[in-house]
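Scroll down for the structure; my scribbles are underneath it.
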Amino acid sequence: MAKAVRNSKKRGVTGVTSVTTRNGAAFSGNTTSSQGVTGVTSLETVKQAEADKNPFPPATERDCYRVYDNWCGPKSKWPPGVYWHYMSKGTKEEPPAPVDVRLCGPLRVTATARNKQGREFGQVLEFVDKLKHSKRWNMPSKLLAGRGDDLLRELFDSGLDICYKQRSRIAEYISEQRPKATVWTASACGWFDGVFVLPNQVIGDNAESVMYQCDSAKALDAYTQAGSLDDWQSHVARYCPGNPLLVLAVSQAFSGALLEKCSVDGIGVHIFGESSKGKTSGMLLAGSVWGEPKRFNRSWTATANGLESAATGVNDGLLCLDEMSKAAADEVSNSLYMLANGIGKQRATATGSARALNTWRVSVLSNGEESIEAHLLKAGIIAKAGELVRFLQLPIFGNYGAFNDLHGVESGRAFSTLLAQNSARYYGTAGIAYLEKLTRDKRDFAGYLSQFVAVIEKQDGALSPQEGRAARAFALIGMAGELATEYGITGWLERTAMDAALQCFKQWRNHRGKGELEPKQLVDTVRHYVELYGDARFTSTTDDTRLNGERSGYWREVDSVRQWLFSTAGFKKAIGNADSKQAARLLTAQGVLIPGRSKTVTQVKHSGGTSWFYVIQFNSDAE
């Protein structure tokens, strides 16, 4: 319907004052004459004088939209904003006349955005809200579909001064703009062509060429700031040295931005121990690196879909998950691999085709009152070695719960309260300052990480493959903390972060035990089966009593040590989903399965005759 769309040349945006009259009304009338202009000596001077008084377009240039930053129209009595200028149809009695309609406050479309695949188009909107705050939003073009209600909802929520009766024309105005500038669209936070994208800003060289795109403008407020970097150093970071768990937590907050550079899919650390021992304090300090801690501290009680959304929202960053103990064990089990591997569920569109998978790289900091194994076991779920090597478990250690050094505060509780108060007052500046340096640091970080891994290997000697993977994760966290110190972010002494990572690796290894985890888990699984069903599914080889339920085998005493004789069927039930040949090999290597002369099974006489059995004897029973 519009013949042309013309934006006035962008000028400095001035504050919009309160409007009580003519706001959104339509006015018509002929262009003002030259009355009031004196000393006119030429027609050009008259036209210029009239244009100065009334910058609205002449009849020949209507129908169009225009934006005015200052009071405008005849005698500058019209408030700033977006206007629709057109000519009335006219009647027999009245000729067509110019009509000027205000739609909203000044709102410009300054660029067209799209992703690398030529999709996810958007329009970059710039405006000033009712409180005179400048706003910039990469609006997805899909919000223009239908009547544009979703678009209006977001603009109302963002504080744009909208003339209510003319609201329906705003979507049309936006859709008809053709800005010359183009930018890339990033639909997730994190690295993009060498710059780091956050919801409310892009950091790095050529940052102006990329913009974050989201359906809701609310996401632009996620990474907020309060206080200065000096404030954060003085009131938050300074309390970490002397407390390895606090140093580790804050260092881990910086580690997410290094995952891609070091070719690491993700990191997970689960800190567990009794309630009110300082576990949440470290999480609050870690969250304060990027913004208001409460915004970054999520709950394990969210569904797997909710956690997927949360992880996507902090890609290449930090995800804090509080109180695993309150979440359903089966939900936790489903989420562990998903979060660590960085791939969401496959979903279908309304037409049945596959949607694009959500992917992410995150550093996850978790806590709870119980270990992961203990929590999953409540639902009868045996934690897999793969889960436990992706989520590294640390029992709290320290003289005061999770703390060693209270920095002069009278008690652990008072120290925890102080940390919570300070992290709620000073936040968000450290992460931005860190990215400003990191995006311009051209080092080979993958090679640099190997130097930190070597420090752990030198301290702890030869590591198994699973221990090596854990060492790489702790080394990356330590390296992140050391980089933040080198960049002048933390205010810590050199080696503070890496020494904390070394201490925590040692605590992790002491809790878990040395070597690979699968054999230990398999032994625990079989032992658990015996503890549950020993009296119900086993009888002595000399007892001819018939069991009422199912039988898994027999037991016998050899040199005062009990041996459990598993039938083939009983052995398969005891080892769960494990392969029986591999399980027999691992149990033999652990000294738990006593093989026969040439087979993993042994022929044994019992009350019912002679059969082949897997002979299980737990090492602790022989001591």
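Quick note: numbers below take in every heavy atom, side chains included, and nothing from hydrogens, waters or symmetry partners.
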N-O pairing of [X] and [Y] below 4.0 Å:
X	Y	value
K520	E373	no
E323	K326	no
R361	D316	yes

Pair N315-T359, side chain to side chain contact (heavy atoms under 4.5 Å, CB included): steps then yes or no: CA-CA 8 Å; N315 179 55; T359 59; over 6 Å; no

Does [X] have its ring centroid less than 6.0 Å away from the ring centroid of [Y]?
X	Y	answer
H511	F272	yes
F415	Y400	no
H270	F391	no
Y223	F296	yes

Compare all side-chain heavy atoms of V250 with those of W492 and state whether any distance is below 4.5 angstrom.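 In short, these two side chains touch, coming nearer than 4.5 Å.
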
Tell me which pairs pass side-chain hydrogen bond (donor to acceptor under 3.5 Å, both in side chains) where either residue lies in residues 412-437, with sequence neighbours left out.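 Pairs touching residues 412-437 that pass the test: S281-S416, E436-R440.
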
Does any pair with a residue in residues 446-455 pass side-chain hydrogen bond (donor to acceptor under 3.5 Å, both in side chains), and if so which ones, sequence neighbours excluded?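 Of all non-adjacent pairs touching residues 446-455, none passes side-chain hydrogen bond (donor to acceptor under 3.5 Å, both in side chains).
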
Only one of V332, N297, T301, V364 passes side chain to side chain contact (heavy atoms under 4.5 Å, CB included) with L321; say which it is.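 By the side chain to side chain contact (heavy atoms under 4.5 Å, CB included) criterion, L321 pairs with just one of V332, N297, T301, V364: V364.
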
For I203 against Q201, the heavy-atom pair lying closest together: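 That closest heavy-atom pairing would be CG1-OE1, 3.9 Å.
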
Please name the pair of heavy atoms, one in F254 and one in A430, separated by the smallest distance, quoted to 0.1 Å.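 Reported closest heavy-atom pair: CE2-O, 4.1 Å.
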
Go through the steps to decide whether L151 and L144 satisfy the test side chain to side chain contact (heavy atoms under 4.5 Å, CB included), and finish with yes or no. CA-CA 7 Å; L151 166 64; L144 295 172; 3.6 Å; yes

